Number of protein chains: 2
Amino acid sequence: MAKLSDIIEQFLLKTLGDENEVDISRNELASFFSCAPSQINYVLDTRFTIDRGYLIESQRGGGGFVKIIRVPFKDDAENAIVESVGGELSFKRMTHMLENLQNENLITNHEKEILQVALSEAALEMPINLREAVRAKCFKRILLFLLKGNDQ
Amino acid sequence: MAKLSDIIEQFLLKTLGDENEVDISRNELASFFSCAPSQINYVLDTRFTIDRGYLIESQRGGGGFVKIIRVPFKDDAENAIVESVGGELSFKRMTHMLENLQNENLITNHEKEILQVALSEAALEMPINLREAVRAKCFKRILLFLLKGNDQ
DNA sequence: TCCTCCAAGGTCAGACAAAGTCAAAACTCA
DNA sequence: TGAGTTTTGACTTTGTCTGACCTTGGAGGA
């Protein structure tokens, strides 16, 4: 017997179709499948994760919604690049990587400057090992975004 | 179901058009949209905030009015704007401010997205009060840079 | 002049209407 | 049988909308 979560996943994929995003109502969906609303969250949390290429946005309150967004994948070699950042990242190394990105035309000079400011030593004012860990995390997210190829 | 607040927001934005300010009558507007007058205040309070680049002025009594003023970002209130970030900054508030910066053509859509990713909840994975403090610091640096070209 | 009334707009708490969280119970499968 | 996965439901948080009551300012009359 197929699991409900899988059925709901298939349903959502089908609903997505060729579109890159879709709006659903958590409660309606739950009632359609006669399950607890939190089951929908479970499906979203386990099947529509960032590493499978999905983002979830939502709003609570009256007229609330849940939006599933598909972020087009590019290559897998790029995961290696993201991983190469490691757990800590110095300002100098980040600058090198930003320059590389600029040479590859993945970012503009202005974007490079903004990011240098945003993740500068001064902006991340905290103990150094912590600082470099935070910088690494932020930078990985940026890389993921830039490399994931939704080139608008 | 489209939310009334969103509809009223759109209406007001359209009424503003290219102008930098517009006068409305709270009661007339409420009656036009068949809603409680306080709904107008709700829209004003949640959508036309300083974070998004608006100021509200009003006067009570006979001949009273409500004025929506769009404040050009670059004017001279730079310090006030940077200060308005405060010691902590939620993702949502940052998003509003980024949208405002984009409207003022101080950043592009791509730059906005990069910064949203860089300073997302996921990127700043740490206790929430710490996270919002870090975000505030980074964002202030960005603002300073964008507004003054000050990149120290 | 001053006072009173009326015509604005303001505030706030509460009713709803969503979605989120978390942990316990139930289930699966090696 | 035990670890991992799924399902459920009680409780929380957030966003929207309304209505009762409050405050302010101006106009006009005594």
Side-chain angles (χ1 to χ4, degrees), chain A residues 1-12 15 21-52 54-69, chain B residues 1-12 15 21-52 54-69 88-96 120-122 125 127-129 131-132:
Chain A
M1 181 193 69
K3 279 166 292 186
L4 221 207
S5 290
D6 292 336
I7 296 171
I8 296 176
E9 178 189 5
Q10 289 312 309
F11 177 85
L12 288 175
T15 308
E21 65 179 67
V22 65
D23 270 28
I24 60 173
S25 147
R26 188 183 78 141
N27 286 346
E28 264 182 33
L29 205 57
S31 118
F32 181 72
F33 285 106
S34 312
C35 64
S38 52
Q39 173 99 42
I40 308 298
N41 294 82
Y42 179 73
V43 173
L44 260 21
D45 289 348
T46 56
R47 321 296 216 256
F48 293 84
T49 60
I50 182 65
D51 24 278
R52 294 198 192 186
Y54 297 94
L55 282 179
I56 304 297
E57 277 177 13
S58 66
Q59 194 166 60
R60 307 187 187 188
F65 60 84
V66 174
K67 191 192 295 253
I68 301 176
I69 303 164
Chain B
M1 176 196 76
K3 278 168 290 187
L4 221 208
S5 290
D6 291 338
I7 296 170
I8 296 176
E9 177 190 4
Q10 288 312 308
F11 177 85
L12 289 175
T15 307
E21 60 180 72
V22 65
D23 272 28
I24 60 173
S25 147
R26 188 182 77 139
N27 286 345
E28 264 181 34
L29 205 56
S31 119
F32 180 72
F33 285 107
S34 312
C35 64
S38 52
Q39 172 95 42
I40 307 299
N41 295 83
Y42 178 72
V43 173
L44 260 21
D45 289 348
T46 56
R47 320 293 216 260
F48 293 85
T49 61
I50 187 64
D51 289 347
R52 301 191 189 193
Y54 297 94
L55 279 180
I56 304 298
E57 276 177 12
S58 65
Q59 195 164 63
R60 309 187 185 188
F65 61 87
V66 173
K67 192 191 293 256
I68 301 176
I69 303 165
E88 300 189 342
L89 180 63
S90 70
F91 183 78
K92 184 168 281 184
R93 209 151 78 78
M94 178 182 78
T95 296
H96 290 156
S120 64
E121 303 292 80
E125 194 187 1
I128 184 162
N129 54 333
R131 171 162 67 232
E132 304 214 330

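In the text below, chain A, chain B and the rest are named by the order of the sequence lines, each starting its count at 1. None of these values were measured; they are calculated from a predicted model.
- Using the six-membered ring where Trp is involved, Phe11(A) and Phe32(A) have ring planes that are tilted, between 30° and 60° apart.
- Rounded to an integer number of Å, the gap from NZ of Lys92(B) to P of dT13(D) is 15 Å.
- Here Arg93(B) does not pair with Glu88(B) in a salt bridge; the nearest charged N to carboxylate O distance is not below 4.0 Å.
- In this structure, Asn27(A) does not reach the dA17(C) phosphate: none of its side-chain N or O atoms is under 4.0 Å from OP1 or OP2.
- If you take CG of Asp23(A) and P of dA18(C), they are 14 Å apart, rounded to a whole angstrom.
- Heavy atoms of Asn41(B) sit under 4.0 angstrom from at least one base atom.
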Can you give me the N/O atom pairs linking the protein to nucleotides 24-28 of chain D at distances under 3.5 Å, or say none if there are none?
residue, atom, partner, partner atom, Å
dT24(D), O2, Gly61(B), N, 3.2

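- Around CD of Glu121(B), the count of heavy atoms belonging to other residues, nucleotides or ligands within 6.0 Å exceeds 12.
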**OP:** Would you check, one step at a time, whether the test salt bridge (charged side-chain N to carboxylate O under 4.0 Å, His left out) holds for Arg52(B) with Glu9(B)?
**Re:** CA-CA 12 Å; Arg52(B) 301 191 189 193; Glu9(B) 177 190 4; 3.8 Å; yes
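- Note: CG (Leu44(B)) to C1' (dC12(C)) measures 17 Å, nearest angstrom.
- Closest to the Ser58(B) side chain, of the nucleotides dG9(C), dG20(C), dG15(D), is dG9(C).
- Listed for the Ser31(B) side chain is no donor-acceptor partner under 3.5 Å among the backbone atoms of Ser34(B).
- Partners of Arg60(A) under the salt bridge (charged side-chain N to carboxylate O under 4.0 Å, His left out) rule, at least two apart in sequence or in another chain, do not exist in this structure.
- Remark: side-chain polar atoms of Ser38(B) are not paired, donor with acceptor, to backbone N or O of Asn41(B) under 3.5 angstrom.
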Original post:
Which parts of nucleotides 3-9 of chain D does protein reach within less than 4.0 Å, heavy atoms only, written one letter per nucleotide 5' to 3' as B for base, S for sugar-phosphate only and - for none?
Top reply: --SBBBB
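- Between the C1' atom of dA13(C) and the CG atom of Asp45(B) lies a distance of 15 Å, rounded to the nearest Å.
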